[in-house]
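In listed order, ligands and their atoms are each counted from 1.
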Amino acid sequence: MAQAESLEYDVLIVGGGGAGLRAAIAVYETDPKMRIAVVSKVYPMRSHTVSAEGGAAAVIKPDDSLDDHAYDTISGADWMCDQDAVEAFVNEAPEEMLQLEHWGCPWSREEDGSVAVRSFGGMKIKRTWFASDKTGFHMLHTLFQTSLQYDPIERYDEWFVTKLLVDDGRCQGVVAIEMATGRVEPILAKSVIISTGGCGKIFPFTTNANIKNGDGMSLAYRAGVPLKDMEFIQYHPTGLPFTGILITEASRSEGGHLLNKDGYRYLQDYDLGTPEAEPVLRSMELGPRDRLSQAFIKEQEKGRTLVGEYGHYVHLDIRHLGEKVINSRLPFVRELCVKYENIDPVKEMIPVRPVIHYVMGGIHTDIDAATPLPGLFSAGEAACVSINGANRLGSNSLTELLVFGARAGKSAVAFAREQGGAGASVSAQVRDEQERLSRLRSGGGSESIAGLRKEMQDTMEEGAGIYRTEASLASSAEKIQQLQERVAKVAISDSSLTFNTELTAAIELSYMLDGAEAIIHSAINRTESRGSHQRTDHPDRDDENFLKHSLAYREQGGPPRMEYHPVVITRWPPGERVYGQKKG
Ligand SMILES: Cc1cc2nc3c(=O)[nH]c(=O)nc-3n(C[C@H](O)[C@H](O)[C@H](O)COP(=O)(O)OP(=O)(O)OC[C@H]3O[C@@H](n4cnc5c(N)ncnc54)[C@H](O)[C@@H]3O)c2cc1C
């Protein structure tokens, strides 16, 4: 840990993943005199961004256009995204990606030496840059090594944030536990950026790392900031059945097939084109993730999936690509299959099922990453700008980290320049938080963390999975409310100060329950089907009543208060999502 003389900064960034590190660099680039802190509960290179495999989208080839990238993103999002944000995103994406190359990111190349691109689900043109199938690793490494060059960026690695300090109507810093010592300290700042990533661990089967508990979303929610569009949760169609480990979409972009138990490419039955009509991008295995995951459930209902020890699954077949292509383009896929399924995809088919992958919703921000709470900004998966709407297109997220991480950094500098010192009530808030954490650590409760977490995950999958109904959601809402009460009595048997992971697990559980509450209530109130939010009791999209963002505001001891916010339409009026055909 780099120790400052006093824990007081101009800009404090919570999160050392792609969005957080890009934001930190942007703060330095905008004003090298800013004092910058990056706080992360894990060493930055262990952030989830490191595990991204497939790639990052940005227009680079002459046959592509910014409007095409925007249109694919908007139709993929089922028109739930803000089109001004999407336009900013596609415009700034190529420059950000080239910048990353100049900082050392080893993008894979075409034979002629130009940047290579691959196709990705829901994109009608190949525009996904990649670094083999370890794109996130290389991007995060590049950002991390770049951030190391700038002395004003100080790091608090393995510090766990538990509270935002809000005084005088603005965010003024955080309280965090130094995990190695158990010390609970305030870190004050004029601007705070939350880039804590997603919350996939609210569900039982997920590609997400254990650290993805929606911490930052909950911190903002508790400080009165609304969570936007939380009902939109993405299932990725190809995860390994037991572990949920991701088999990247790149395996389908390289030519992999999804087969049901009869060896049939079943996606041709779901308005996603036909094998004969190939090669057409946005078709069959390269359709959008919501449609592919929904098709899996329909196959299951028809009795055409396979059943194994861990439930229903289908096959992903990449054998026909051959060992050479698999080794050069998909080496990590091969490694994961061998290590975790004991199968070699060069010779055998890969069992896959839909798994929770990404949350489209998050902390409500404007196009410049500002939340409604002055001094608080957010970027990355924790935020909802929104460019992902009701369904994110694969490979847009990594680029989003760069574009909106940079925007958050610039906005945070502009705000910090205008501010004076910390407000009067901050030290009382710090004392209260120190006492709360000390009480929690001294135990006394009877509820098991693992038990409550399992109950939460099970009820979320049952009630708010790929298909939802009023009844399923209402039953999960009741369960989550009970769990909210029970979590107050959680038992912590480890009272030590050094790396007390039981304590942090208990806090993470309470964060996840906040996220679960926002997901369920946003979903109950959206009585339509759109993108990843499919209500069997309201099967149609309803633009008249629901072309609007959900905003969930926390209410003490009860369900959140729901409000709505207009969707920004600039140039693309709501239309039909068409896949499997060439789009004019
Ligand atoms: C397996 C996998 C593969 C993916 N592949 C792709 C892909 O190919 N293309 C694509 O576009 N997207 C992909 N995604 C999605 C994308 O990787 C993520 O959305 C993105 O990396 C999130 O980055 P982030 O910076 O927002 O958060 P993260 O990288 O998750 O970082 C969060 C940071 O916040 C910190 N933090 C969290 N809570 C606290 C706390 N309480 N106190 C202090 N610090 C805290 C963590 O320590 C961490 O540093 C993939 C996701 C997964 C799971």
Taking the six-membered ring of Y310 as reference, does the cationic atom of R353 (NZ for Lys, CZ for Arg) lie under 6.0 Å from its centre and within 45° of its axis? no

In the structure I gave you, are the side-chain heavy atoms of L509 and I449 within less than 4.5 Å of one another anywhere? yes

Is R289 salt-bridged to E249, cutoff N-O under 4.0 Å? yes

Could you name each residue pair satisfying salt bridge (charged side-chain N to carboxylate O under 4.0 Å, His left out) that touches residues 13-26, not counting sequence neighbours? R22-E29, R22-E96

With sequence neighbours excluded, tell me which residues meet salt bridge (Lys or Arg N to Asp or Glu O under 4.0 Å) with D68. K124

Salt bridge (charged side-chain N to carboxylate O under 4.0 Å, His left out) pairs, two or more places apart, involving residues 196-209: none

What does the list of residues with a heavy atom under 4.0 Å from ligand 1 look like, ordered by chain and number? V14, G15, G16, G17, G18, A19, V39, S40, K41, V42, S47, H48, T49, S51, A52, E53, G54, G55, W159, F160, V161, S195, T196, G197, T207, N208, D215, L246, H357, Y358, G380, E381, R392, S395, N396, S397, L398, L401

